[in-house]
Amino acid sequence: MPRGRAGRVGAVPTHHPAAVIILAAGQGTRMKSKIPKVLHTIGGRSLVGHALHAARCLSPAQLAVVVRHERERVADHIAQIDPAATIADQDEQPGTGRACECGLEALPDDLTGTVLVTMGDVPLLEAQTLADLTRIHEEAGAAVTLLSAVVEDAGNYGRVVRDADGNLLQIMERKDAEEHRRLGNEFAHVLDITEYNSGIYAFDVEVLRSALRRIEPSPVTGEKYLTDVVKLARDEGRLVLAHPLRGPDLVQTEGVNDKAQLAELGRILNARNVERHMKSGVIVVDPATTWIDVDVSIGQDTVIRPHTQLLGATTVGEDAAIGPDTTLTDTSVGDGASVVRTQAEHAVIGPRATVGPFSYLRPGTVLDEAGKIGGFVETKNARIGAGAKVPHLTYCGDATIEEGANIGAGTIFANYDGVAKHHTHVGRHSFVGSDSVLIAPVDIGDGAYVAAGSTIEGVVEPGQIAVARGRQRNIDGWVARRRAGTRTADAADAARARGARHLDETTSTPTQES
Ligand code: UD1
Ligand code: CA
């Protein structure tokens, strides 16, 4: 597994399930969103992406995702992130049981062994937990093993009902438990049970298949409940188990139902990621304001300063310093580089290079070793060679700047003529004076100069200086004639009275050619 991947290395299991079925057909109305629930992201990965990732860590022979709501968008996304996954369509019949049945129907008929069922909206479930569930299930020779959780109040979850000896009897949905409470019958206590069904299971595939065939839809909701498999299997004398999670592991079973839960689970996932990096040797000054996506990798002794976001496939080498106030997306940063108050997307920052403060690196920016992009600089599709400097207040688009070149303050690479983009080339160790405009296409040779304030179009040969600006003209007496009576005129008079000191000390006159 590549460095920085979300799954734990310890998750490599000894028991490989025959299949994993991920249920993701539900509507998710409480999200109040135009985006299908399982496509919302935390840690830079979609909710269903998290479920797929955990499942894949177990190397199942088959993997199916059951879809229905926003079918096309969800299926397209899955095809993109996990092309080998089987898309299973749920029909009009609702319920987790029917969803699971549709998942099974999409898989080979001769499947034997263990099938895991998980949910597309439970993003923090770890591969290790699924591996443990598989092992416990197979070692016990159980027909059904479900992950349960013990809490103070089981809320809306299905209750885990056990007999006096602790043997699992059935799962009872909250609504049914409330009805039994109202009737005051032998199940009246079920509502108070604090162990709930997480909705994550290991099944023997033959037991599951036969039970699903026999489940009747609920007369109230019309849904086929997957949970009914527990009671059916037990009534046949098969072994059914509930494996409880406790304490901090409970969060692994939490689903996303609304945007508040999305943010909360996103925060927990981030804390997990940040801690993982700190344990592998990254210095994180302020974990609470540092956001690191699941696929990011960071080398040892790199310092991450407050309010920094490292997103997407960003990689950072060793001994680098990032932040404060920096957002890097799909950006690679070399060893020992420094990136301060910067926004970068699809950029490459070489070893020992420095960037910022207040700079914007757009896609295609490549800064080579020990190069510099300084303050208030925007770059795009620009290669800046080793040791080259773009230190201040510059727009640099569609350019190649060779090794050791220096771009003066306020230089603009005018790359766009209103119709097409053009390229600018600046040769090795060349020097572009401040406040120049390079109207692309421009080709400045190696070892050339551009005089400050020049507007350059075309070619400058190696060893030349290009001077392209209006010549300075000084007009004597202009202030006295045109601005008489102003403070400026008074100051000029006073200066003249002191003996025209400035003129005497000037070493070269502006109109003189050299
Ligand atoms: C289900 C369990 C409940 C458990 C809870 C844990 C049943 C009957 N109840 O309840 O015991 O405590 O999960 O969260 O199973 N889905 C489909 N197709 C459907 C319906 C649902 O694919 O027709 C998917 C949803 O997208 C979701 C998952 O199944 O990922 C769970 O569905 P949901 O409706 O949230 O089940 P609950 O009623 O919460
Ligand atoms: Ca739910």
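In each ligand, atom 1 is the first atom listed, and ligand 1 is the first ligand listed. Not measured: the values here are computed from a predicted model.
Here is the list of ligand 1 atoms found below 4.0 Å of a heavy atom in Gln90: 17 (C), 18 (N), 19 (C), 22 (O), 23 (O). Ligand 1 places these atoms under 4.0 Å from at least one heavy atom of Tyr225: 8 (C). Every atom of ligand 1 is numbered from 1 in the order shown, and the set under 4.0 Å from a heavy atom of Pro94 is 23 (O). Those atoms of ligand 1 that come under 4.0 Å of a heavy atom in Thr96, given as number and element, are 7 (C), 8 (C), 15 (O), 20 (C), 21 (C), 29 (O), 31 (C), 32 (O). Close approach of ligand 1 to Ala24 is summarised as follows: ligand atoms under 4.0 Å from at least one heavy atom of the residue are 22 (O), 26 (O). Atoms of ligand 1 found under 4.0 Å from any heavy atom of Ser198, numbered from 1 in the order shown, are 6 (C), 14 (O). If you number the atoms of ligand 1 from 1 as listed, the ones under 4.0 Å from a heavy atom of Ala99 come out as 17 (C), 18 (N), 22 (O).
Of the N and O atoms on the side chains of Thr129 and Asp132, not one donor lies less than 3.5 Å from an acceptor on the other residue. A side-chain donor-acceptor contact under 3.5 Å links Glu345 and Gln343. Judged by distance alone, the side chains of His346 and Thr329 never bring a donor and an acceptor atom under 3.5 Å apart. If you check the side chains of Glu223 and Ser218, you find no donor sitting under 3.5 Å from an acceptor. For the residue pair Ser280 and Gln300, no side-chain donor N or O sits within less than 3.5 Å of a side-chain acceptor on the partner.
When every heavy atom of Arg73 is checked against every heavy atom of Ile35, the shortest pair comes out as NH2-CA, 4.1 Å.
Between atom 13 (O) of ligand 1 and the options Lys224, Arg30, Arg174, Met119, the minimum heavy-atom separation is to Met119.
The pair Lys421-Asp398 fails the salt-bridge criterion, with no side-chain N (NZ, NE, NH1 or NH2) lying under 4.0 Å from an Asp/Glu carboxylate O. Between Glu178 and Arg181 there is no salt bridge, since none of the side-chain N atoms of the basic residue sits less than 4.0 Å from a carboxylate O of the acidic one.
Heavy atoms of Gly255 come nearer than 4.0 angstrom to ligand 1 in no pair at all. Ligand 1 has Thr227 within reach: a non-hydrogen atom of the residue lies less than 4.0 Å from it.
With Phe376 as reference, Phe358 is the one residue of Tyr395, Phe358, Tyr360 to meet the ring pair (Phe, Tyr, Trp, His ring centres under 6.0 Å) rule.
Ligand 1 has no nitrogen or oxygen under 3.5 angstrom from a nitrogen or oxygen of Ile171. Taking distance alone, with nitrogen or oxygen atoms compared against 3.5 Å, Gly95 approaches ligand 1 more closely than that limit. Inclusion of Glu173 in the set of residues having an N or O under 3.5 Å from an N or O of ligand 1 is warranted.
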